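Below is one structure, written out as structure tokens, with a few remarks after it.
A note on names: the letters A, B, ... follow the listed sequences, proteins ahead of strands, and every chain is numbered from 1. Values in this document were obtained by computation on a predicted structure and should not be read as measured data. Atoms considered below: every heavy atom in the structure, side chains included; atoms not considered: hydrogens, waters and symmetry mates.
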Protein chains: 2
Amino acid sequence: MSGDVSEEPKPRRRQARGERRIAQLLQAAARVFCAYGYTATSTNAIAREASVSPGTLYQYFPNKEAIAIELGERLLHEMREAHGQAFTPENLALPLPELLDVVVDPMIAFNCEHPVFLALMHGSEVPGRIAEEHDALHASLLASVQEVIGHYAPALSAAERARIAGMVFAIFKGGLGLVLAAPEGAERDATIAELKTVLLRYLSPLVETPATTPATTTPVTTTPVTTTPTR
Amino acid sequence: MSGDVSEEPKPRRRQARGERRIAQLLQAAARVFCAYGYTATSTNAIAREASVSPGTLYQYFPNKEAIAIELGERLLHEMREAHGQAFTPENLALPLPELLDVVVDPMIAFNCEHPVFLALMHGSEVPGRIAEEHDALHASLLASVQEVIGHYAPALSAAERARIAGMVFAIFKGGLGLVLAAPEGAERDATIAELKTVLLRYLSPLVETPATTPATTTPVTTTPVTTTPTR
DNA sequence: GAGAAACGCGAGCGATCACTCGTGTTTGCC
DNA sequence: GGCAAACACGAGTGATCGCTCGCGTTTCTC
């Protein structure tokens, strides 16, 4: 022991080819996970999807779980990078409908681009490590939602805030499933609009209209979604 | 062929002991499915949970899928029997908050008593047959919700009605998960109340208050849940 | 160009799974 | 009591899974 000069336990040198293979394998894994779920997906199937031998797969990943973990971490990183926390201070000053746009739209867009994200984070079939990441992300987002709610309705007790935040999250998750199930185009846009309507109607009674903004709160538009908008 | 006097292809005589074993095996399967999910559950694990040998299990079920199917069918039957469709004509005359109670409460109660129902109907990991049953139930419930919405808001187009019904269903599903995750007691009751609040606020703007009922619609109570009620 | 190391392969290993079978026990019927 | 059928058992079977290993190929470094 103690003879470790470098802080890296695995200073494995990667060639450009290797990095390419890793990306290729993760893409293939995302496709197969998305189609059959984590447990029902065999490592040989991933290798086949990537047009690679099983041995090659195991040169880059120590086991099946590591594939899902790496995939999850890259998605998480990309998500944070693409639109940060979306709960920036200036967004907190926005009226509710605009805040919903700012928070919901990028989240929906991300999940539409990476459907495997939901598949990995959603299943109770995934092994421990992924579930931990999921719980951490869940808690982080929940805390952000709680903070926003506390800002909009400071009179609420902590328990109420937590309950409302959890409900908002559950509604979003359910709506996200609907959105992903809807065919792309007008129908999907309408579903997104409907999800925002749900959240708006749920949260509107909570904001106490502190008279600082005279007439910004639109009086609950009666579902303006009917004709196909913008393409 | 053609020598079949009875209409039953399998006129297997069951003794009382056999029926007991079947119930015992289904109970064990429900527990294990609920804990580990369908795919991750081995038939040997079910047999072990039921304190029975694998051979005995296969005397009553031809394969693993049949266990889940029989379990799902019994749950479906019990659900329909316990509270019918809950969408009876007299319930349609109820104001929205009461209708929500009548429809949501028994649904929640059933899923609390049989958590395996969600586990079976929810997973994308279940094999074809269960998914078909799930889709059928989903469509049936969706049609009922659409009918109710059409009754309360006849001015809506078919597409809007379908979208709203789907959203209501998604909200309920998400809220149901929250309710099951909450500890039994006051917290769970509060979560149920919150779920009803969501649905009420979402659907209230749709009813056109046709002046037949003067002042029945309560003006959106501002979350009356704070102190622990009843117990 | 030569050596080393990363890359790539696919047959195959041990473990586990869904499921079977031969045998012994219990139960219903006469 | 005797017989047939339902019940119960658990070691075992073939298939599949996650994963390994030995060896050949490509790429980097000098």
Side-chain angles (χ1 to χ4, degrees), chain A residues 6 8-29 32-33 35-71 123 125-130, chain B residues 5-6 8-29 32-33 35-71 120 123 125-130:
Chain A
S6 76
E8 290 276 84
K10 289 221 172 190
R12 179 69 159 278
R13 277 183 53 236
R14 290 253 110 98
Q15 301 180 355
R17 187 175 28 153
E19 298 290 347
R20 254 183 284 122
R21 277 268 183 261
I22 290 180
Q24 172 187 359
L25 282 164
L26 288 179
Q27 275 184 18
V32 191
F33 283 157
Y36 306 108
Y38 174 81
T39 46
T41 294
S42 73
T43 54
N44 289 11
I46 297 176
R48 205 181 315 121
E49 175 75 20
S51 305
V52 159
S53 87
T56 297
L57 187 153
Y58 279 94
Q59 185 153 49
Y60 299 104
F61 300 99
N63 49 51
K64 180 180 172 181
E65 188 177 354
I67 304 173
I69 289 176
E70 179 66 24
L71 191 55
E125 48 172 351
V126 289
R129 191 60 171 23
I130 302 276
Chain B
V5 283
S6 76
E8 291 275 83
K10 290 221 172 190
R12 180 69 160 280
R13 278 183 53 235
R14 290 253 112 98
Q15 300 179 355
R17 186 173 30 150
E19 297 291 346
R20 255 184 283 123
R21 276 268 183 262
I22 291 180
Q24 172 188 359
L25 281 164
L26 288 178
Q27 275 184 18
V32 191
F33 283 157
Y36 305 110
Y38 174 81
T39 46
T41 294
S42 73
T43 54
N44 289 11
I46 297 176
R48 204 181 315 119
E49 174 76 19
S51 305
V52 158
S53 88
T56 298
L57 187 152
Y58 279 94
Q59 186 153 51
Y60 299 104
F61 300 100
N63 50 53
K64 180 180 172 182
E65 187 178 353
I67 303 172
I69 289 176
E70 179 65 25
L71 191 56
L120 273 186
E125 47 172 350
V126 289
R129 192 60 172 20
I130 301 278

ask   = If you measure from CD on B:Glu65 to OG1 on B:Thr43, what distance do you get to the nearest 0.5 Å?
value = 13.5 Å

It should be established whether [X] places a side-chain nitrogen or oxygen under 4.0 Å from OP1 or OP2 of nucleotide [N].
X: A:Thr56; N: C:dC9; answer: yes
X: B:Arg21; N: D:dA8; answer: yes
X: A:Tyr58; N: D:dT20; answer: no
X: B:Thr43; N: C:dA18; answer: yes

So do the side chains of [X] and [Y] get within less than 4.5 Å of each other, counting heavy atoms only?
X: B:Phe61; Y: B:Leu26; value: yes
X: A:Ile67; Y: A:Tyr60; value: no
X: B:Gln24; Y: B:Arg21; value: yes

Expressed as a whole number of angstroms, how long is the span from [X]:[atom1] to [N]:[atom2]?
X: B:Lys64; N: C:dC17; atom1: NZ; atom2: P; result: 9 Å
X: B:Leu57; N: D:dG10; atom1: CG; atom2: P; result: 14 Å
X: A:Tyr38; N: D:dC17; atom1: OH; atom2: P; result: 14 Å
X: A:Asn63; N: D:dC17; atom1: CG; atom2: P; result: 17 Å
X: B:Leu25; N: D:dC7; atom1: CG; atom2: P; result: 12 Å
X: A:Gln15; N: D:dT27; atom1: CD; atom2: P; result: 8 Å
X: B:Gln59; N: C:dT25; atom1: CD; atom2: C1'; result: 12 Å
X: A:Glu19; N: C:dA6; atom1: CD; atom2: P; result: 13 Å

query = Between B:Thr39 and B:Arg17, who's closer to the 5' end of DNA chain C by nearest nucleotide?
reply = B:Thr39

key: 5' priority, DNA chain C, between A:Arg14 and B:Ala45 [closest heavy atom]   = A:Arg14

query = Nearest to the side chain of A:Arg13 - C:dC17, D:dC28, D:dA8?
reply = D:dC28

inquiry  = Which nucleotide wins on minimum distance to the side chain of B:Pro54, given the candidates C:dG28, D:dC19, D:dG10?
reply    = D:dG10

With a 4.0 Å cut-off on heavy atoms, is [X] in touch with a base, just the backbone sugar-phosphate, or nothing at all?
X: A:Tyr60; result: sugar-phosphate
X: B:Gly55; result: base
X: B:Thr41; result: sugar-phosphate
X: A:Asn44; result: base

inquiry  = Tell me whether A:Tyr58 at atom OH has more than 12 heavy atoms from other residues, nucleotides or ligands lying less than 6.0 Å away.
reply    = yes

